[in-house]
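I have placed the structure first, in the form of structure tokens, so that the comments after it can refer back to it.
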There are 2 protein chains.
Amino acid sequence: MFKGQYTHTIDAKGRLSIPSKLRKSVSVSSDQFVMTKGTAPCIEIYPADEWKTIEEKLLKLNPFKPEEALFIRLITQYATDDTLDSQSRILIPPPLLDYASIEKEKDVLILGALKRIEVWNPVKYDEYLKRFNESYEEIAAKVMS
Amino acid sequence: MFKGQYTHTIDAKGRLSIPSKLRKSVSVSSDQFVMTKGTAPCIEIYPADEWKTIEEKLLKLNPFKPEEALFIRLITQYATDDTLDSQSRILIPPPLLDYASIEKEKDVLILGALKRIEVWNPVKYDEYLKRFNESYEEIAAKVMS
DNA sequence: GGAGAAGTGGGGAAAAGTGGTGAAGTTATT
DNA sequence: AATAACTTCACCACTTTTCCCCACTTCTCC
């Protein structure tokens with residue numbers, strides 16, 4: 001499972017190197033990833049295996065229900081798969097960078113979040129945290145009870 | 001189960017040696033630990049086995065629910081695993097040191113707390129204790145009845 | 001007081017992260 | 001249809017950080 005936080009930079013070509021500790025968390029030899037737009041304003045990266053389980057859930061939705069069809073469009077529209085290059089980097093497509101307000105040659109915050117990796121604009125992540133008024137203890141008590 | 005208190009120093013590289021008495025409390029040959037931010041202003045260190053039970057709870061949460069996703073981010077962001085080096089030390093990442101107000105080359109208070117080990121800035125621990133008005137005797141009566 | 005264990009400090013090899021160049025393939029233009 | 005220009009992707013090289021190992025000091029327990 002992914003965990004930890006890391007600060008890397010997106011280079012001028014839109015490449016992002018995946019922290020080695022996160023790479024080691026992935027089931028061996030699977031350097032295939034799928035990235036898509038996050039439900040929060042970030043980029044979500046899934047190992048290919050994990051993406052399959054999400055895809056299965058999507059397949060159970062009914063595309064004739066407008067709302068479910070919309071969700072399918074939104075999530076698949078931005079989905080891209082890629083394999084790591086020889087320097088363990090993935091190439092992030094411009095639409096995803098736009099969505100997450102990430103600029104090339106700037107620092108990004110990489111979060112390990114169990115089954116997925118999240119990539120944030122550090123400023124946006126701060127703003128995101130501030131939107132919630134509750135303290136860590138309060139949330140822990142509510143969610144983990 | 002961990003118990004006792006110890007005073008060690010964080011070295012210039014952010015390393016902390018785990019007291020030998022605590023090491024002996026851990027189930028044999030498991031020198032794998034996971035540390036994360038405490039609900040109190042300290043660092044919590046769990047043996048890897050113990051952490052798994054926490055992780056299982058987290059995996060049952062639904063990352064498409066905003067509040068549950070937030071909690072996953074908060075707890076996993078600070079989670080780091082590490083194994084003891086040949087001198088029985090672990091490396092504590094800067095974000096955790098910041099959170100617990102611990103500086104390098106300073107003394108820290110290490111507490112054995114049953115299933116986990118806690119690392120405190122000694123000053124912060126005093127402040128923490130003073131926040132509670134009740135006496136030891138009163139708390140005991142309330143909690144243990 | 002001595003021997004062994006525990007705790008602290010530091011240096012060097014190896015890996016991780018970043019930047020860049022060149023070849024191959026694609027598109028466009030003459 | 002051929003050539004030029006641009007984009008894409010794989011590979012190479014350098015810098016920085018990490019981590020592993022060795023050495024010394026201090027404390028503990030006979």
Side-chain angles (χ1 to χ4, degrees), chain A residues 2-26 28-29 31-35 43 45 80-98 102-112 117-122, chain B residues 2-26 28-29 31-35 43 45 48 79-98 102-112 117 119-120 122:
Chain A
F2 299 118
K3 51 182 167 295
Q5 61 182 314
Y6 313 86
T7 298
H8 281 189
T9 62
I10 303 273
D11 70 14
K13 297 181 178 178
R15 295 178 298 187
L16 173 70
S17 64
I18 303 295
S20 74
K21 281 199 173 180
L22 294 182
R23 270 181 274 140
K24 286 172 186 162
S25 305
V26 180
V28 265
S29 77
D31 46 357
Q32 290 242 122
F33 292 91
V34 177
M35 51 199 137
I43 300 168
I45 304 176
T80 315
D81 49 14
D82 197 10
T83 59
L84 299 184
D85 70 9
S86 52
Q87 271 68 37
S88 309
R89 291 176 291 199
I90 53 171
L91 183 67
I92 301 180
L96 280 177
L97 293 177
D98 280 355
I102 292 171
E103 290 174 48
K104 292 173 181 175
E105 302 190 296
K106 292 276 173 74
D107 281 354
V108 293
L109 181 66
I110 304 172
L111 300 183
I117 297 168
E118 298 187 347
V119 184
W120 288 79
N121 175 326
Chain B
F2 299 117
K3 49 185 169 300
Q5 62 180 319
Y6 311 86
T7 298
H8 281 189
T9 63
I10 303 275
D11 71 15
K13 296 184 177 178
R15 294 177 299 188
L16 173 70
S17 63
I18 303 295
S20 74
K21 281 197 175 181
L22 293 181
R23 269 181 274 140
K24 286 169 186 162
S25 305
V26 180
V28 264
S29 76
D31 46 357
Q32 291 241 120
F33 292 90
V34 177
M35 51 200 135
I43 300 167
I45 303 176
T80 314
D81 50 13
D82 198 9
T83 59
L84 300 183
D85 69 10
S86 51
Q87 272 69 35
S88 307
R89 293 174 291 197
I90 53 170
L91 183 67
I92 301 180
L96 279 177
L97 294 177
D98 280 355
I102 292 172
E103 290 174 47
K104 292 172 181 175
E105 304 190 294
K106 292 275 173 75
D107 281 353
V108 293
L109 180 65
I110 303 173
L111 301 181
I117 297 168
V119 184
W120 289 79

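Here is how names work: the chains are called A, B, and so on, in the same order as the sequence lines, proteins then strands, and each is numbered from 1.
- Annotation: side chain of B/Phe33 is in contact with side chain of B/Leu84 (closest heavy-atom distance under 4.5 Å).
- The nearest heavy atom of DNA chain C to B/Leu16 and to A/Ser20 marks one nucleotide each, and the one closer to the 5' end goes with B/Leu16.
- Among the atoms of the strands shown, none is found under 4.0 Å from any heavy atom of B/Ile90.
- In this structure, A/Lys24 atom NZ and D/dC19 atom P are separated by 7 Å, rounded to whole Å.
- Contact detail for A/Pro122 and A/Asp107: the closest heavy-atom pair is CD-O, 3.5 Å.
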Could you go through nucleotides 13-18 of chain D and list every protein N or O atom that sits under 3.5 Å from one of its N or O atoms, giving the distance for each pair?
none

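- As judged by a 4.0 angstrom heavy-atom cut-off over every strand, A/Ser86 is placed among the base-contacting residues.
- Nearer to the 5' terminus of DNA chain D, by closest-nucleotide assignment, is the contact made by A/Lys13 (compared with the other of A/Lys13 and B/Arg15).
- When every heavy atom of B/Met35 is checked against every heavy atom of B/Asp82, the shortest pair comes out as CE-CB, 3.9 Å.
- For the pair B/His8 NE2 and D/dC27 P, the computed distance is 11 Å after rounding to whole Å.
- Side-chain contact check for B/Ile102 versus B/Val119: some heavy-atom pair is nearer than 4.5 Å.
- Residue contacts shown for B/Ile18 are limited to sugar-phosphate atoms, with no base heavy atom under 4.0 Å away.
- Taking for each of A/Lys21 and A/Arg89 the nucleotide of DNA chain D with the nearest heavy atom, the 5'-most of the two is the partner of A/Arg89.
- A/Ser25 places a side-chain N or O within donor-acceptor distance of the main-chain N or O of A/Lys21, the cut-off being under 3.5 Å.
- The residue from B/Gln87, B/Arg23, B/His8 that alone fulfils the side chain to side chain donor-acceptor pair (under 3.5 Å) condition with B/Ser17 is B/His8.
- Here CZ of B/Arg89 is found 6.0 Å from CG of B/Asp11. Values are rounded to the nearest 0.5 Å.
- A 4.5 Å side-chain heavy-atom check between A/Ile45 and A/Val34 finds every atom pair outside the cut-off.
- In this structure, the side chains of A/Glu118 and A/Ile43 stay at 4.5 Å or more apart for every pair of heavy atoms.
- Distance CG (A/Asp85) to P (D/dC12): 13 Å, rounded to an integer number of Å.
- Nucleotides of DNA chain C lying under 4.0 Å from heavy atoms of chain B occupy a range whose first and last members, 5' to 3', are C/dA6 to C/dG11.
- Within 4.0 Å of B/Ser88, counting heavy atoms only, lies no atom of the nucleic acid at all.
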